[in-house]
Amino acid sequence: GAGVSQSPSNKVTEKGKDVELRCDPISGHTALYWYRQSLGQGLEFLIYFQGNSAPDKSGLPSDRFSAERTGGSVSTLTIQRTQQEDSAVYLCASSPQGNTIYFGEGSWLTVV
Amino acid sequence: QQQVKQSPQSLIVQKGGISIINCAYENTAFDYFPWYQQFPGKGPALLIAIRPDVSEKKEGRFTISFNKSAKQFSLHIMDSQPGDSATYFCAASPASNTGKLIFGQGTTLQVKP
């Protein structure tokens, strides 16, 4: 069975450019999460989507970060005007409501 | 109050030995305490999890011990194997959203043959 799929797996971008990271959750999972993993900050929660409810954006580090989830399935995390401190692995996870979350392998972002 | 503190940062164990990783938390609203295992280049994978109504949970060679009064929990890996070499993260989350995890800083485990 397919797990959480993320693309691109690796992205190198220039400082100041915008990037989009995509997540395909496990089929049937209603909850979707984005986390960031960096050397200095460890694993941090960014945003949570559950069905048609308003997303929990409490972990987004700045207004340069946004995410959307279309049709209750695929999600896109957008980082505008990237900075070097945005370099990290961006992990997507999905879950049947209220249960274990399953992580994808991440999108490795390098801002140069 | 949102932090989860994990120790040690790194751990070297001989094959067949016991690996022990400890975590402490402050927020009494936390209700779900999972451990994740992560291999290089991969996403974290759930290893074992516990809720505060039990003091211990065992799955194969992996055991979580939970001390609610001390707000501490630990992972014990019995008969450690070289294939267990990975980074381990403890985490905690509230009952309202078990997927909204606060992670510890991670422990890099090396099991020597």
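Throughout, a chain's letter reflects where its sequence line sits, starting with A, and its residues are numbered from 1.
Neither the backbone nor the side chain of A:Ser9 comes within contact range of chain B; no heavy atom of the residue lies under 4.5 Å from a heavy atom of that chain. Interface residue A:Tyr35: only side-chain heavy atoms are found under 4.5 Å from chain B.
Here NZ of B:Lys100 is found 11.5 Å from CG of A:Leu46. Values are rounded to the nearest 0.5 Å. Annotation: the span from A:Thr100 atom OG1 to B:Tyr36 atom OH amounts to 6.0 Å, rounded to 0.5 Å. Put simply, OH on A:Tyr102 and CG on B:Leu46 are 7.5 Å apart, with the number rounded to the nearest 0.5 Å.
Panel note: side chain A:Tyr33, backbone B:Leu101; no donor-acceptor pair is recorded below 3.5 Å.
Hydrophobic cluster membership differs between A:Phe103 and A:Leu21, with clusters built from Ile, Leu, Val, Met, Phe, Trp and Tyr side chains linked at under 4.5 angstrom. In the hydrophobic clustering of this structure, B:Ile102 groups with B:Trp35; members are Ile, Leu, Val, Met, Phe, Trp, Tyr whose side-chain heavy atoms approach within less than 4.5 Å, directly or through other members. Linking Ile, Leu, Val, Met, Phe, Trp and Tyr residues whenever their side-chain heavy atoms come within less than 4.5 Å leaves B:Leu75 and B:Ile20 in two separate clusters. Cluster annotation: B:Ile64 is connected to B:Phe30 through the hydrophobic network of ILVMFWY side chains, with a link wherever side-chain heavy atoms come within less than 4.5 Å.
Taking all atoms of both residues into account, the shortest heavy-atom contact from A:Leu91 to B:Pro44 is CD1-CD, 3.9 Å.
More than 12 heavy atoms of other residues, nucleotides or ligands lie within 6.0 Å of CG in B:Asp53, so this atom counts as buried by the packing criterion. Applying the 6.0 Å contact sphere to CD of B:Glu59 captures more than 12 heavy atoms from other residues, nucleotides or ligands.
Annotation: maximal heavy-atom pairing with chain B below 4.5 Å, among A:Gln6, A:Gln37, A:Glu44, occurs at A:Gln37.
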